[in-house]
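Note sheet for the following structure.
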Amino acid sequence: MLKNYFKIAIAVLRRRKFFTFISLFGISFTLTILLVLTSFLDKIVGDSYPDHKRDRSLYVSRMSEIRKDNGINSGPLSFYFFDHYARSLKTPVKIGITNGANNTNTYVNNKKITVNYKYTNADYWDIMEYDFVEGKAFTKQQIDRGDKVTVISEDIKKEYFGDVPSVVGKYFEADNIKYRVIGVVKNVPVTSYMTYSDIYLPYTVAKSDFTKDKGYSGVFFGILLANSKADVPRMQAEFQSMIQRLPMERKEFIKIACHASPYIVSYVDTGDDNRSGVTMVLTAVGIFVLLVMLLPALNLVNINITRIMERSSEIGVRKAFGASSNTLVYQFIVENIILTLLGGVIGVVLSFIAIGVINSAHLIPNLVLSINFTVLFIGLLICFFFGLLSGVYPAWRMSKLNVVTALKAQ
Amino acid sequence: MIRLQNIEKVYRTDTIETLALNSINLDVARGEFLSIMGPSGCGKSTLLNIIGLLDLPSKGAISISDQKTDHLSDKQLAQFRNKKLGFIFQSYHLINDLQVLDNVELPLLYRNTTAKERKMLATEALEKVGLANRIKHFPTQLSGGQRQRVAIARAIVGRPEIILADEPTGNLDSAMGNEIMDILISLNRNEGTTIVMVTHDENMAHKTHRLVRLFDGSQVQ
Ligand SMILES: Nc1ncnc2c1ncn2[C@@H]1O[C@H](COP(=O)(O)OP(=O)(O)OP(=O)(O)O)[C@@H](O)[C@H]1O
Ligand SMILES: [Mg+2]
């Protein structure tokens with residue numbers, strides 16, 4: 001029976017080349033977009049270099065102070081907050097402190113280049129596992145002494161020094177200050193906003209003394225490292241109770257919200273307890289996927305309905321010779337699923353090609369995409385589901401056709 | 001075999017009511033070859049469709065092989081048609097996307113049969129209509145007469161007791177029409193199949209056992 005459905009489905013598809021093309025195109029294209037998009041997302045939240053200890057780290061990216069009037073002061077935190085309050089916790093073995101990269105201009109042979117720089121403490125280098133092409137990270141002593149040293153990325157090394165084998169010991173000038181290069185690291189994709197930068201500097205060399213400001217808000221975020229994965233929940237609880245005990249900075253504040261969260265949660269943190277970033281992102285992605293998939297599905301429904309008249313003779317004949325309405329519904333749904341799954345398979349092939357092209361064209365620096373097989377599986381499942389959905393209504397309409405009318409049309 | 005009692009069929013559209021059939025009483029005996037004639041629009045096809053359980057009468061009762069049919073569900077009707085009835089249409093109604101063999105196998109799809117059985121029975125039926133050498137063709141690659149023979153093969157493949165043919169020779173020239181007629185006659189003679197045929201052709205009608213004439217929805221002879 002299924003083989004016969006397959007036969008007629010393929011025959012219909014071959015006869016209606018344009019219709020088939022449009023449907024297959026819609027389905028495949030949608031799936032391709034979805035797969036390429038998720039492989040981007042995957043890279044953004046999934047690629048861990050140099051942050052390989054994510055499973056035992058918690059990230060603190062912002063604090064929100066809620067005022068009496070329900071307004072919110074929200075933003076990154078001060079160095080003091082991490083160095084003083086977070087440092088008082090017992091579970092974290094390391095507390096990496098860094099800010100988001102800022103940029104400045106520098107000149108090489110009268111050519112202007114833009115340089116991203118960020119400050120870090122010493123723990124940062126113990127938590128992050130950068131691949132050093134040469135040299136090493138700055139030490140706590142160097143930081144405490146306020147040594148003007150820097151770790152730079154491979155890309156900026158090439159741009160600033162050119163194709164030279166070694167640059168350790170040379171000087172890198174930014175903002176009229178000369179920093180001695182002590183290490184060169186492999187590039188981090190810009191999507192890893194906590195770890196990406198062109199040059200890394202000790203926080204003590206900044207023009208403004210970050211340690212002075214004893215308020216909570218500032219420009220830093222922190223990474224708390226636990227001894228083991230098992231310690232993470234305890235670390236989170238400890239951090240939370242510390243936050244609860246934090247004195248309010250000003251009278252008009254009634255509440256402080258600040259979380260040490262796993263990487264993905266912190267990546268989409270809104271800083272507002274009532275609007276979880278994760279749910280928002282998931283809802284947004286969900287709605288997007290649904291909308292994107294709905295269009296080809298509606299198109300299919302539409303095309304399927306117009307096919308009714310075209311195939312009315314077949315419907316009439318099948319009914320006259322013993323097909324019940326249910327049997328016909330079943331047949332048309334199976335046909336439709338065959339079509340959508342075919343589109344799905346083409347979509348998967350297209351995705352592989354598209355990702356291959358994106359990777360080989362180096363569209364985005366330091367980013368190598370790969371297909372997420374869970375998404376691939378879910379994509380095919382969605383295809384199947386929409387095949388079912390877009391087939392049911394037209395199939396039902398078809399099956400309800402009166403035999404005599406069906407046979408008369410033509 | 002077939003018994004129609006007081007069959008009436010009214011078509012209602014928004015504006016008009018057409019009385020397509022008016023108190024038809026008809027008995028067709030087992031093994032009978034009956035033809036129906038009448039001017040265009042007199043209700044021949046309507047009558048045949050009602051006998052074939054493709055359409056419901058507005059009034060009256062039909063029984064086929066001593067079985068009342070008015071209470072059957074969609075599924076039961078489908079099964080009933082599948083087992084008892086075979087249809088032949090003026091415009092063949094073959095499925096152009098399918099090869100001749102698959103077209104002929106179609107009624108068997110809705111029964112418990114294996115692919116092998118289906119192939120065997122369909123080939124047998126095609127042999128009976130002299131088309132065993134065309135099984136891989138598509139309907140569009142055949143002449144009108146050949147197509148109608150495929151349609152006959154499809155109608156007989158499930159060995160139904162009754163064949164209903166609506167102007168089976170209507171689209172064919174007289175030579176091909178006679179060929180089709182000969183197949184039907186031998187089917188009726190050799191296999192005892194009951195046949196009800198609508199026709200416009202007096203010559204064809206006179207080759208059958210009995211002729212029923214309709215005029216304006218009523219039986220006149
Ligand atoms: N679906 C319908 N809706 C309304 N009226 C219909 C419908 N089908 C048939 N009729 C009417 O019923 C009458 C009988 O139609 P039918 O098709 O049975 O005629 P016929 O005898 O088969 O004619 P022909 O020889 O042209 O095939 C006609 O007047 C026709 O207009
Ligand atoms: Mg007619």
Side-chain angles (χ1 to χ4, degrees), chain A residues 1-20 304 307-336 338-339 342 395-410, chain B residues 9 11 20 45-46 48-50 52-56 72-99 101-115 118-119 138-140 151 154-158 160 164 166:
Chain A
M1 201 71 167
L2 218 59
K3 193 181 142 212
N4 285 279
Y5 289 167
F6 202 80
K7 249 189 212 168
I8 185 91
I10 296 298
V12 168
L13 296 188
R14 276 176 39 190
R15 180 162 51 85
R16 305 272 285 121
K17 293 207 173 60
F18 184 68
F19 148 77
T20 308
N304 277 336
R307 273 201 306 170
I308 299 177
M309 285 328 283
E310 196 174 320
R311 296 180 68 182
S312 69
S313 156
E314 178 188 337
I315 295 163
V317 164
R318 285 184 188 273
K319 277 197 157 180
F321 282 101
S324 67
S325 295
N326 289 346
T327 316
L328 281 181
V329 169
Y330 180 61
Q331 177 193 335
F332 286 119
I333 290 175
V334 169
E335 271 184 33
N336 209 50
I338 291 173
L339 175 72
L342 205 65
W396 179 78
R397 285 259 314 250
M398 286 192 201
S399 73
K400 284 285 166 282
L401 264 184
N402 175 282
V403 193
V404 178
T405 346
L407 287 172
K408 229 182 240 169
Q410 236 186 12
Chain B
K9 178 72 182 178
Y11 285 113
S45 296
T46 307
L48 205 66
N49 289 335
I50 285 174
L53 308 177
L54 300 178
D55 209 352
L56 291 172
L72 296 177
S73 69
D74 175 75
K75 205 172 160 185
Q76 289 169 321
L77 273 175
Q79 275 305 306
F80 195 88
R81 285 197 293 260
N82 184 261
K83 295 261 158 60
K84 306 261 180 195
L85 306 172
F87 296 88
I88 303 168
F89 310 97
Q90 177 176 0
S91 50
Y92 328 125
H93 282 307
L94 298 176
I95 300 175
N96 288 332
D97 292 318
L98 295 179
Q99 289 173 351
L101 190 70
D102 291 319
N103 263 289
V104 175
E105 280 183 15
L106 186 126
L108 304 176
L109 286 180
Y110 305 112
R111 296 183 184 187
N112 264 333
T113 49
T114 63
R118 287 200 290 270
K119 190 165 181 189
F138 283 93
T140 45
R154 177 177 64 187
I156 64 176
V157 73
L164 303 172
D166 195 347

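What you see is a predicted model; the values in this text were computed from it and never measured. Each chain gets a letter, A, B and so on, in the order the sequences are listed, and its residues count up from 1.
- For the atom pair CG (B:Leu56) and CG (A:Asn402), the distance works out to 8.5 Å, reported to the nearest 0.5 Å.
- Heavy-atom distances place the side chain of B:Phe89, and not its backbone, under 4.5 Å from chain A.
- For the residue pair A:Ala320 and B:Phe87, the shortest heavy atom distance occurs at O-CE1, 3.3 Å.
- Remark: the backbone N or O of A:Ser325 is paired with a side-chain donor or acceptor of B:Asp74 at under 3.5 angstrom.
- By the neighbour-count criterion of 12 heavy atoms within 6.0 Å, atom NZ of B:Lys75 is sparsely surrounded, having that number or fewer from other residues, nucleotides or ligands.
- Interface check for chain A: of the options B:Ala115, B:Pro107, B:Gly52, B:Gly86, the most heavy-atom pairs under 4.5 Å are formed by B:Pro107.
- Taken to the nearest 0.5 Å, the CZ atom of B:Arg111 stands 11.0 Å off from the CZ atom of A:Phe321.
- Rounded to the nearest 0.5 Å, atoms NZ (A:Lys408) and CG (B:Asn49) are 7.5 Å apart.
- In this structure, chain A has a heavy atom under 4.5 Å from the side chain of B:Leu106, while its backbone stays farther away.
- Here the closest heavy-atom approach between residue A:Val404 and residue B:Leu54 is recorded as CG2-O, 3.7 Å.
- B:His93 contributes a side-chain N or O that, together with a main-chain N or O of A:Leu407, makes up a donor-acceptor pair within less than 3.5 Å.
- Listed options B:Asp97, B:Asn82, B:Leu77, B:Leu108 were ranked by heavy-atom pairs under 4.5 angstrom with chain A; first place goes to B:Asp97.
- Contact tally against chain A (heavy-atom pairs below 4.5 Å) for B:Arg154, B:Glu105, B:Gln79, B:Gln76: the top residue is B:Arg154.
- Taking CD1 of B:Ile95 as the reference point, atom CZ of A:Arg318 lies at 4.0 Å (rounded to 0.5 Å).
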